[in-house]
Visitor: 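Mind having a look at this structure? Questions to follow.
Quick note on labels: first sequence line is chain A, next is B, and so on, each numbered from 1.
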Amino acid sequence: MPELPEVETVRAGLQRWVAGRTIAAVEVRHARSVRRHLAGGADLAARLAGATVRCASRRGKYLWLPLVDRPAASGGALIAHLGMSGQLLVEAPDAPDERHLHLRFAFADGGRELRFVDQRTFGGVLVDRLVPADDVPAGRPPERVPAQIAHIARDPLDPLFDDEQFVLRLRRRDTEVKRALLDQTLISGVGNIYADESLWRARLHGARRTATLSRPAARELLAQVRAVLGDALQAGGTSFDALYVNVNGESGYFDRSLAVYGREHRPCPRCGTPIRRAAFMNRSSFFCPQCQRPPRAR
DNA sequence: ATCGGTCCCTGTGTGC
DNA sequence: TGCACACAGGGACCGA
């Protein structure tokens, strides 16, 4: 469910409320939330007990909390992915347990705890080592990323995102442009909502083949992706229901600014033509049939 | 090596 | 009311 603007909103909340604090204990209430930590929940809890959180980092839809290096646990980071319905909440220890509370992180200061709540259990956490990012230009400070997400592309709000490299790789692909936008190894942070919104802004149909895009069209698409992600971040993200909230349980309000997503039959904000919905990858695509002309069948 | 389809989950809304 | 079904912000994995 959460895409870059929602995950970044959560990251900012973690930076504010969790950075600098020392984890006292981790309670694993649902094994599925730690399935990506292959050594198991007990190992995860042991690695985190006594660890101090340096800060809150993010790439695309992945979050991580780098841990202060300790001889016993060799640092590393706590990585989290929210999947479709995951929430990281900062709450008083005596707040009632949520229905789908799967993980509880208590802190040594006895203050507000961190909880992972996830209805559909597609999200989860793991502890991993950090490795140097291999694409930092000379003269820039070195960066470390969790080994497990080193294959994830930088996101378009990352200062080191390489626009021309993206345009090159996009046009070299042989697939539909919406599929490419959702491929986190090409560009990260874009999900179903912002893919549709970006394509509408760029006046491109999601079924256009990537190889048919001109360089200017590809650059324009990237500019619109960046713009819509930035606009949504300003609004605190998109919340259709209570499933996406920030660490304090508050909703974002970008749903009011959506042009096409979830708006079947309603008028296109640009030309008034009714928005259409089409099945796509077990989900939906929303588009304006006038502004975004479908490509001819190949 | 890529690409495209399927599956993992729970909950909600709709139509019969 | 109850039931069946479609659908929901993601992505790992498998076969072609």
Side-chain angles (χ1 to χ4, degrees), chain A residues 1-11 29-38 58-63 79-88 98-102 116-126 146 148-153 155 169-199 206-211 225 228-229 232-233 235-246 251-258 260-265 277-286 298:
Chain A
M1 130 204 159
E3 305 180 34
L4 189 153
E6 294 78 33
V7 178
E8 171 57 21
T9 301
V10 171
R11 187 208 62 78
R29 295 165 48 104
H30 195 315
R32 197 170 144 78
S33 294
V34 297
R35 68 191 181 286
R36 301 249 151 243
H37 189 83
L38 299 180
R58 181 189 57 76
R59 175 179 286 191
K61 303 171 196 171
Y62 286 84
L63 287 165
I79 305 164
H81 195 289
L82 303 177
M84 292 282 270
S85 55
Q87 303 175 347
L88 284 166
E98 288 77 7
R99 172 130 179 230
H100 299 287
L101 172 62
H102 299 331
F116 181 69
V117 176
D118 189 8
Q119 177 189 103
R120 292 177 72 185
T121 68
F122 289 166
V125 307
L126 71 151
Q148 294 263 339
I149 66 165
H151 67 291
I152 297 294
D155 61 66
R169 292 183 63 203
L170 177 72
R171 297 179 67 236
R172 214 182 267 158
R173 297 218 163 184
D174 179 23
T175 189
E176 295 176 357
V177 64
K178 182 169 173 183
R179 293 190 92 97
L181 286 181
L182 296 177
D183 182 344
Q184 307 296 302
T185 67
L186 176 65
I187 180 171
S188 69
V190 181
N192 209 29
I193 296 179
Y194 300 115
D196 281 1
E197 293 296 310
S198 307
L199 289 163
R208 266 285 293 274
R209 305 300 294 190
T210 49
V225 169
V228 76
L229 291 177
L233 180 55
T238 300
S239 305
F240 295 123
D241 50 38
L243 282 189
Y244 163 68
V245 290
N246 67 15
S251 293
Y253 50 88
F254 192 70
D255 58 310
R256 297 174 209 169
S257 304
L258 296 174
V260 290
Y261 189 86
R263 299 179 59 81
E264 187 181 17
H265 304 317
R277 185 172 79 90
F280 173 79
M281 285 171 76
N282 277 341
R283 302 205 184 101
S284 297
S285 285
F286 297 90
R298 325 159 73 200

Visitor: Separation of Glu3(A) atom CD from dG11(C) atom P, in whole Å?
Guide: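 Going from Glu3(A) (CD) to dG11(C) (P), I get 9 Å.
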Visitor: Toward the 5' end of DNA chain C, which comes first, Gln184(A) or Arg120(A), by nearest nucleotide?
Guide: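 Checking each residue's closest nucleotide, the 5'-ward one belongs to Arg120(A).
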Visitor: Quick one: label Arg99(A) by what it contacts on the DNA or RNA (base, sugar-phosphate, nothing), any heavy atom closer than 4.0 Å.
Guide: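 Sugar-phosphate only.
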Visitor: Identify each atom pair where a protein N or O and an N or O of nucleotides 12-15 of chain C are less than 3.5 Å apart, giving names and distance.
Guide:
unit_1  : atom_1 : unit_2   : atom_2 : d
dA12(C) : OP1    : Tyr62(A) : OH     : 2.8

Visitor: Taking only the side-chain heavy atoms of Arg277(A) (C-beta and beyond), determine which of dG9(C), dA8(C), dG11(C) contains the nearest atom.
Guide: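 My answer, after comparing the listed nucleotides, is dA8(C).
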Visitor: So what does Arg173(A) touch, heavy atoms closer than 4.0 Å: a base, only the sugar-phosphate, or nothing?
Guide: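 Sugar-phosphate contact only - Arg173(A) comes under 4.0 Å of backbone atoms but never of a base.
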Visitor: Can you find a pair of side-chain heavy atoms, one from Lys178(A) and one from Asn192(A), that are under 4.5 Å apart?
Guide: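 Answer yes - side chains close enough.
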Visitor: Quote, to the nearest angstrom, the P distance that separates dG11(C) from dA1(B).
Guide: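 That atom pair is separated by 22 Å.
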Visitor: Judged by atom type as modelled, is there a donor-acceptor pair below 3.5 Å linking the side chain of Glu3(A) to the main-chain atoms of Gly191(A)?
Guide: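 Between the backbone of Gly191(A) and the side chain of Glu3(A) there is a qualifying donor-acceptor contact (under 3.5 Å).
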Visitor: Just wondering, do Ile187(A) and Val225(A) contact through their side chains at under 4.5 Å, heavy atoms?
Guide: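 Yes, side chains in contact.
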Visitor: Among the candidates dC7(C), dG11(C), dG11(B), find the nucleotide nearest to the side-chain atoms of His81(A).
Guide: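 Shortest atom-to-atom distance from the side chain points to dG11(C).
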Visitor: Rounding to a whole Å, what distance do you find between Asp255(A):CG and dG9(C):C1'?
Guide: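 Taking atom C1' of dG9(C) as the reference, CG of Asp255(A) is at 12 Å.
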Visitor: Contact class for Arg35(A) (heavy atom, under 4.0 Å): base, sugar-phosphate, or nothing?
Guide: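 Counting heavy atoms under 4.0 Å across all strands, no contact is made by Arg35(A).
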Visitor: Among the candidates dG4(B), dG9(C), dG11(B), find the nucleotide nearest to the side-chain atoms of Arg179(A).
Guide: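 Looking only at side-chain atoms, Arg179(A) lies closest to dG4(B).
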Visitor: Please compare Arg172(A) and Phe122(A) by the position of their nearest nucleotide in DNA chain B and report the one closer to 5'.
Guide: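 Upstream on the strand: Arg172(A).
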Visitor: Mind checking Phe240(A) for me? I need base, sugar-phosphate or nothing, with any heavy atom below 4.0 Å counting as a touch.
Guide: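 Result for Phe240(A) = base.
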Visitor: Pick base, sugar-phosphate or nothing for Ser239(A), based on heavy-atom distances below 4.0 Å to the nucleic acid.
Guide: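 Base contact.
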Visitor: Salt-bridged, Glu8(A) to Arg58(A), with N to O below 4.0 Å?
Guide: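 Salt bridge flag = yes for Arg58(A) with Glu8(A).
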Visitor: How are the rings of Phe286(A) and Tyr261(A) set to each other: parallel, tilted or perpendicular (split at 30° and 60°)?
Guide: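 Rings of Phe286(A) and Tyr261(A): perpendicular, over 60°.
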Visitor: Would you kindly compare Phe286(A) and Leu182(A) by the position of their nearest DNA chain C nucleotide and give the one closer to the 5′ end?
Guide: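 Going by which nucleotide is closer to the 5' end, it is Phe286(A).
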Visitor: According to the Watson-Crick and G-U wobble definition with distances under 3.5 Å, which dot-bracket string, read 5' to 3', encodes DNA chain B, using [ ] for crossing pairs and | for pairs with another strand?
Guide: .|||||||.|||||||
Visitor: Which part of the nucleic acid does Asn282(A) contact within heavy-atom distance under 4.0 Å: base, sugar-phosphate only, or nothing?
Guide: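 The answer is base, as Asn282(A) lies within the cut-off (heavy atoms under 4.0 Å) of a base atom.
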